[in-house]
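All values below come from the heavy atoms of this structure, side chains included, with hydrogens, waters and symmetry mates left out.
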Amino acid sequence: MIGKLMKDWAGNLKRGEVCACFVFAVLFAWAVLLPELGKFGLKQVALFSIGLSIVSASVLVAICDRIKQINRKERVAARRSSKQVKIAFLLCFAALEVSFLAVLLSNWPGFCSTDSNDIVNQVLGVSEWSTWHRYDGLANHHPIFYTFLVWVVFQATAFFGSIDLSIGIFLFLQMTVAALVLSWCISVFVRLGFGKRYILAAFAFMLFNPILANYSVTMWKDVLFSCCALFLIVRLYSLLFHGEKKHIGRTLLVACLLLTFLRSNGFMVVGATLLVLFVIEPDLRKKVAAVGAAVFCAFLVVQGPLLSIMGVQKGHFSESVGIPLQQIAATVHKGGHINEEQEEFINRVLPMEAMRDSYNPQTPNPIKFHESFDDAFLEEHKIEFLVTWASMLPSNLGIYVKAWIDETQGYWNPGYPSWLVTNSTLYEQAPRDYLGFDWDPGFLAQKLIAALPVPFSSGTLIWAVAALVFVGCVGLEKKKRARCLVCVMPLIALLATLFVAAPAVGDYRYIFAFNLALPFVLPIAGLVKAGRPKA
């Protein structure tokens, strides 16, 4: 009797698929409730999580069953002509370009943050050492490739004699690249024959997205990095699901190289994506191996001799071990168990008294940027640092877990308030409005997240993408599930790097790629189909 009821409840889903729904629901429940351990006891949180898991799993099973029924219906391919594709591309590009330009002219010369100021100072040759920057001259702390792009524009516009104009022109070019990439993505789905309602919805998401509008004219490498990640995701989709192999080697190489050099964790994102693609698609292994080898060689050359020849200082090791550093600092701050040998090593990195006073649960920056923090010592003792961190783990497991939760919860706790945008321009000056209607979409985004934190936080966005991929994959056959995984692997790898070295809790720009990918996850996961239903 019970078995029959369970079978009727599961519908078309197999046992393993139902179990997967429960696992996903449990993870979601704990993501919601885990940060509340300090307010409620473990038993209360566990009971709440059981209830939320059952409700979430029931909803997931019902949705997945319905999607599986829909996916059984055959569809007729309906690719569109090249003329229709070009028209769609041009219309999308024109609308996005005008929208972004309106933001730029209303906030001239565009938005800058402390990171942007550091980049401009390097380009102008006035970069000086500070506890925040910790470099003098050129440095790869902010990817030198992005700094190089800014330098090229500054050199080309130097005869104007205006720093603001150079920044404005650079951000005009950046927003144009963003508009081109987004329009190309839309045009791909137009070419593949997706319905007008989906195309219009995806386009509207881009056009009326206040965060995208603000970021398009903000001097952050995260913007171009996220555009490149989206390009790679959509290109992988057209390759794996629709067999579009034309120029795949070249486009894959260019996308991977740009991702590698536009952000410090780009190499890890590219490596993980190419590895999964290599394993899942035997027919593509030669090309994937060639691209991987080329990217690896380029990475070694740039990170080694090229940076040395150019006199560019490498990024500090502390930037790549933010979470372990934070866990050690939390142990010191909370008086955890530390033996004499561990204490001696920690004091060499930063005196424990200073570490205790500087600890901030939401970011390791006060530790890394303390005037007594010894970057040089840490660079020379990387293995010893990792050994010390690992040896402290068994005796301070609870502190380590709590420190990890505090530092990363912005990327997995739905509704955790995110830092979205910057509203100032270079050196914290107020931008100038040349259009007269004071249009700042970033201000709108900030008001939205203040009033409605749940739908606009980083954690919610990540869970939304994860849920779409999950429910879509349940309805796909085994081979297509694997291909779906390859397509979203850049997002998975990006999130994994933040779980290890998040520079701050919940900064939205670090996961901006999820925002751009949101409407395109629907077809990737099979939730939206190309063509029309077969009669």
key: Steps toward side-chain contact (heavy atoms from CB on, under 4.5 Å) verdict (Phe470, Val474)   = CA-CA 6 Å; Phe470 178 82; Val474 169; 4.1 Å; yes
message = Assess the residue pair Cys185 and Leu230 against the criterion (side-chain contact (heavy atoms from CB on, under 4.5 Å)); give the C-alpha distance rounded to whole Å, side-chain angles, the decisive distance to 0.1 Å, and a yes or no.
response = CA-CA 8 Å; Cys185 290; Leu230 178 64; 3.8 Å; yes
ask   = Hey, mind stepping through Tyr237 and Phe189 against ring pair (Phe, Tyr, Trp, His ring centres under 6.0 Å) and telling me if it holds?
value = CA-CA 10 Å; Tyr237 171 75; Phe189 291 96; 5.5 Å; yes
key: Test log, rule side-chain contact (heavy atoms from CB on, under 4.5 Å), inputs Val471 and Leu527   = CA-CA 8 Å; Val471 298; Leu527 298 173; 4.1 Å; yes
message = Evaluate Trp463 against Phe28 for ring pair (Phe, Tyr, Trp, His ring centres under 6.0 Å), listing each step before the verdict.
response = CA-CA 8 Å; Trp463 273 107; Phe28 175 73; 5.3 Å; yes
message = Run Trp404 and Gln327 through side chain to side chain donor-acceptor pair (under 3.5 Å) and show every step you take.
response = CA-CA 7 Å; Trp404 184 86; Gln327 290 169 322; over 6 Å; no
ask   = Is there a side chain to side chain donor-acceptor pair (under 3.5 Å) between Thr422 and Ser113 once you walk through the steps?
value = CA-CA 6 Å; Thr422 179; Ser113 68; 5.7 Å; no
query = Going through the distances and angles, do Phe231 and Trp184 end up as a ring pair (Phe, Tyr, Trp, His ring centres under 6.0 Å)?
reply = CA-CA 8 Å; Phe231 175 86; Trp184 174 82; 4.6 Å; yes
Intermediate values then yes/no, side-chain contact (heavy atoms from CB on, under 4.5 Å), Ser99 and Phe208 = CA-CA 9 Å; Ser99 173; Phe208 301 111; over 6 Å; no
ask   = So Glu379 and Lys314, salt bridge (Lys or Arg N to Asp or Glu O under 4.0 Å) or not? Walk me through it.
value = CA-CA 11 Å; Glu379 292 287 338; Lys314 294 183 179 180; over 6 Å; no
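A distance of 10.0 Å separates CZ in Phe520 from CG in Leu518, rounded to the nearest 0.5 Å. If you take CG on Asp507 and CD on Gln362, they are separated by 10.0 Å, rounding to the nearest 0.5 Å. Of the inter-residue distances, the one linking Trp412 atom CH2 with Thr460 atom OG1 reads 12.5 Å to the nearest 0.5 angstrom. One distance of note links OG of Ser53 with CG of Leu27; it measures 8.5 Å at 0.5 Å rounding. Once rounded to the nearest 0.5 Å, the distance linking SG of Cys256 with CG of Leu277 reads 9.0 Å. Within the model, atoms CZ of Arg263 and NE2 of His142 stand 13.0 Å from one another, a figure rounded to the nearest 0.5 Å.
Within 6.0 Å of the CZ atom in Phe296, the count of heavy atoms belonging to other residues, nucleotides or ligands does not exceed 12. Within 6.0 Å of the CZ atom in Phe154, the count of heavy atoms belonging to other residues, nucleotides or ligands exceeds 12. Heavy atoms from other residues, nucleotides or ligands lying under 6.0 Å from NZ of Lys479 number more than 12. The neighbour count for Met489 CE, taken as heavy atoms of other residues, nucleotides or ligands under 6.0 Å away, is above 12.
Between the side chain of Thr363 and the backbone N or O of Asn365 there is at least one donor-acceptor pair closer than 3.5 Å. Without hydrogens or angle criteria, Thr497 side chain to Leu494 main chain gives a donor-acceptor distance under 3.5 Å. Judged by distance alone, with hydrogens and angles left aside, the side-chain atoms of Gln313 form no donor-acceptor pair with the main-chain N or O of Asn140 at under 3.5 Å. Checked by atom type and distance alone, the side chain of Ser216 pairs as donor or acceptor with a backbone atom of Ala213 at under 3.5 Å. Between the side chain of Gln174 and the backbone N or O of Thr218 there is at least one donor-acceptor pair closer than 3.5 Å. Checked by atom type and distance alone, the side chain of Gln84 pairs as donor or acceptor with a backbone atom of Ser81 at under 3.5 Å. Proximity of a side-chain donor or acceptor of Asn413 to a complementary backbone N or O of Ala31 within less than 3.5 Å is detected.
Side-chain contact between Leu236 and Leu252 is present, with at least one heavy-atom pair separated by less than 4.5 Å. Considering only heavy atoms from C-beta on, Ser320 stays 4.5 Å or farther from Ser264 through its side chain. A heavy-atom distance below 4.5 Å is found between the side chains of Leu180 and Phe89. At a threshold of 4.5 Å between non-hydrogen side-chain atoms, the residues Leu461 and Ile511 count as touching. Phe203 places a side-chain heavy atom less than 4.5 Å from the side chain of Leu207. Leu498 places none of its side-chain heavy atoms less than 4.5 Å from the side chain of Thr408. Here the side chains of Tyr508 and Ser457 are not in contact, with every heavy-atom distance at 4.5 Å or above. Residues Leu212 and Phe100 meet the side-chain proximity criterion, which asks for heavy atoms closer than 4.5 Å.
For the pair Asp115 and Arg509, the salt-bridge criterion is met [side-chain N within less than 4.0 Å of a carboxylate O]. A salt bridge is defined here as a Lys NZ or Arg NE, NH1 or NH2 lying under 4.0 Å from an Asp or Glu carboxylate O, and Arg481 with Glu17 meets this definition.
Nearest heavy-atom pair, Thr147 versus Val123, reported as atom, atom and distance to 0.1 Å: O-CG2, 3.8 Å. Looking at every heavy atom in both residues, Ala202 comes nearest to Ile186 through CB-CD1, 3.8 Å. Shortest non-hydrogen contact noted between Leu182 and Leu96 is CB-CD1, 3.9 Å. Here the shortest heavy-atom pairing between Leu104 and Leu171 reads CD1-CB, 4.3 Å. Listed here is the closest heavy atom pair of Ala517 and Ile233: CB-CD1, 4.4 Å. Residue Leu420 comes nearest to Ala445 through the heavy atom pair CD1-O, 3.4 Å, listed as atom of the first residue, atom of the second, then distance.
Among Tyr510, Trp220, Phe111, Phe225, the single residue meeting the ring pair (Phe, Tyr, Trp, His ring centres under 6.0 Å) criterion with Tyr215 is Trp220. Of the residues Leu232, Thr260, Leu275, Asn265, the one that meets the side chain to side chain contact (heavy atoms under 4.5 Å, CB included) test with Val270 is Thr260. Here the rule is ring pair (Phe, Tyr, Trp, His ring centres under 6.0 Å) with Tyr146, and of Phe261, Trp151, Phe170 only Phe170 fits it.
Taking the six-membered ring where tryptophan is involved, the planes of Phe299 and Phe267 are essentially parallel, since the angle between them stays under 30° and well short of 60°.
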